[in-house]
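First the structure, in the form of structure tokens, and then the observations on it.
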Number of protein chains: 2
Amino acid sequence: MDTNWSVRLDTETRTLGARTAARLRELIRDGVLAPGTRLPAEPELARRLGVSRPTLRAAVTELIGDLLLVRRRGVGTFVSAAPRPAHGLERLTGTGRGITLVGRRPGTTGLRVRHVVADPALAAHLHVDPGSPVVHLTRTRTADGVPVAHCAEWIPAGLLPEPTALDAFGAEDSLHDRLAALGLPLRQAVARLVPVVPDADLRDRLDLASDAPLLLLEQRHFAVAPGDRVALFSRHWYDTDRIDLELVRRG
Amino acid sequence: MDTNWSVRLDTETRTLGARTAARLRELIRDGVLAPGTRLPAEPELARRLGVSRPTLRAAVTELIGDLLLVRRRGVGTFVSAAPRPAHGLERLTGTGRGITLVGRRPGTTGLRVRHVVADPALAAHLHVDPGSPVVHLTRTRTADGVPVAHCAEWIPAGLLPEPTALDAFGAEDSLHDRLAALGLPLRQAVARLVPVVPDADLRDRLDLASDAPLLLLEQRHFAVAPGDRVALFSRHWYDTDRIDLELVRRG
DNA sequence: GAGTGGTCTAGACCACCAG
DNA sequence: TGGTGGTCTAGACCACTCC
């Protein structure tokens, strides 16, 4: 096999482990590593990719988490033959990117940006004092033009460089990317899952014909710094008849 | 500070990284490392715990995933002051253990074990041929005596050492533990989340007064070996009014 | 500049599986 | 018995934060 496997030619900015994982994804996607085949032994594979074995193992571990590879001690590492989710909720991404990952085209309707003050309930969710200024976004997300989720977001204005930093937020923008550009990259979120019956407003926004229940994701998002503060509180109502919500659980 | 931090005295069977993480959990739980305090620098902390820095980092990374610690580059690692979930769905555990983790007492009612054959739909979920023998368990789980979820599980009989291996399964048993003892340790699962309106049977089993929607977790579980085969398919209907379902999402 | 976390390496030894 | 993945180490260098 004379395929050039090396990952060191890559000049992207990500870590070597992430680039190695990306290279393995390509080799699998392109069929160089077909489903069911065994990978070369780890020291050999590391040599071919031009990385150390721990770095290779980090990359392989990542792909195992995505169900692309299977390790069998004493036997080898294999390309998985089982179907796998294109996107799982355990990975934190923006709603738009999640829609892209499942192969659909994201869109936004009804975007509205407001400045509000935190009532006691919202203040508790955001870990701020009641009465604090909060930026509030609402919008309906579509996939291939079909509404799939209605999203409401609340961001403490005190965490933004300026309270007006999000006033120019557009329908095509990514809130995750925008917050990262403002120095608030979201790194993790704690979501509460609640099945709910849609009210008239939600039925209207999502253009629902039936009163089938929706799945509400109520999330507290944390940024890298200062780290302990809630950078974003959100409520997303998903119509699971129109978009599958999947989740990879690891033991 | 003359606390004995060393982790090498521990004789348990887990890996050194896992024992180190457990030691850090103890130090946090016991208040030696109070919320908001900065941990010693990584080389220093590794020395105190008697492990190498990569091993320490693996442990710290695990606790960060559990929201117990926060890393700030160039500044330090801090004990989180924010509340965190006791149990997240992103971690694969048995339902009973999940109930224990949130501080409640698990129980089981209405356990039934049956032998069935796979119809085409079930065969597709289990990746077996239609007509294959399947062991089917149903039971209702309680927390502190209150029904919180109804569970249905299907296991390909061909993966068991004997088709009758689960006939003696008892109300107090853990299916995860039992399957591990049978050589089928479950390592990961892909769950689909669907809000559903309970039918009469579910309302009866869960003793529901209202017709509030339930959250259905439809899961394909994978074992370590052979690795690609579905070892267990399950449907769990949760009453989220009686038990919170939370999920930690990482970027 | 000093100290912190972030990344990567080379090598070692062990546990498991297959022949 | 030989090859595989599983784990751990010591050390190096870099990037970032704060003084």
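Because the structure is predicted, anything quoted here is derived from the model rather than measured. Throughout, a chain's letter reflects where its sequence line sits, starting with A, and its residues are numbered from 1.
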Report yes if at least one side-chain N or O of Thr77(B) is closer than 4.0 Å to OP1 or OP2 of dG5(C); otherwise report no. yes

Enumerate the residue pairs fulfilling salt bridge (charged side-chain N to carboxylate O under 4.0 Å, His left out) with a member in residues 34-43 of chain B, sequence neighbours excluded, ordered by first and then second residue. Glu42(B)-Arg53(B), Glu42(B)-Arg57(B), Glu42(B)-Arg71(B)

Nucleotide dT9(C), atom C1' - distance to CG of Leu49(A) in whole Å: 15 Å

Does the pair Arg192(B) and Glu246(A) meet the rule for a salt bridge (Lys or Arg N to Asp or Glu O under 4.0 Å), with working shown? CA-CA 4 Å; Arg192(B) 199 164 67 94; Glu246(A) 292 192 308; 5.6 Å; no

In whole angstroms, how far is the C1' atom of dT7(C) from the CZ atom of Arg73(B)? 9 Å

Start at the 5' end of DNA chain C and walk down; is the nucleotide closest to Gly17(A) or to Gly74(A) reached first? Gly17(A)

Measure the distance from CD on Glu42(B) to P on dA12(D) and round it to the nearest whole Å. 18 Å

Rounded to whole Å, CZ of Arg47(A) lies from P of dG3(D) at a distance of 16 Å

Between Glu44(B) (CD) and dA2(C) (C1'), how many Å, whole number? 16 Å

For Arg38(A), which contact category applies under a 4.0 Å heavy-atom criterion: base, sugar-phosphate, or nothing? sugar-phosphate

side-chain contact (heavy atoms from CB on, under 4.5 Å) between Trp154(A) and His125(A), worked out: CA-CA 10 Å; Trp154(A) 292 266; His125(A) 284 127; over 6 Å; no

If you measure only the distance, is there a donor-acceptor pair under 3.5 Å linking the side chains of Glu153(B) and His221(B)? no

Taking the side chain of Thr15(B) as its heavy atoms from C-beta onward, which of dG5(D), dT7(D), dT9(D) lies nearest to it? dT7(D)

Picking from dC8(C), dA12(D), dG6(D), which would you name as closest to the side chain of Thr55(A)? dC8(C)

Distance below 4.0 Å between Arg57(B) side-chain N/O and dG6(C) OP1 or OP2: yes

Which nucleotide in the set dC18(D), dC8(D), dG5(D) lies at the smallest distance from any side-chain heavy atom of Arg71(A)? dG5(D)

Rounded to whole angstrom units, what separation is found between the CG atom of Leu16(B) and the P atom of dC14(C)? 15 Å

dC16(C), OP1 or OP2 - any side-chain N/O from Arg72(A) closer than 4.0 Å? no

Using only heavy-atom distances, decide whether a donor-acceptor pair under 3.5 angstrom links the side-chain of Arg53(A) to the base of dG6(D). yes

First encountered from the 5' end of DNA chain C, between Ala41(B) and Pro54(A): Ala41(B)

Whole Å only: how far is the CG atom of Leu56(B) from the C1' atom of dG6(C)? 13 Å

Separation of atom CG in Leu45(B) from atom P in dG5(C), rounded to whole Å: 9 Å

For residues Thr108(A) and Arg141(A), is any side-chain donor paired with an opposing acceptor at under 3.5 Å? yes

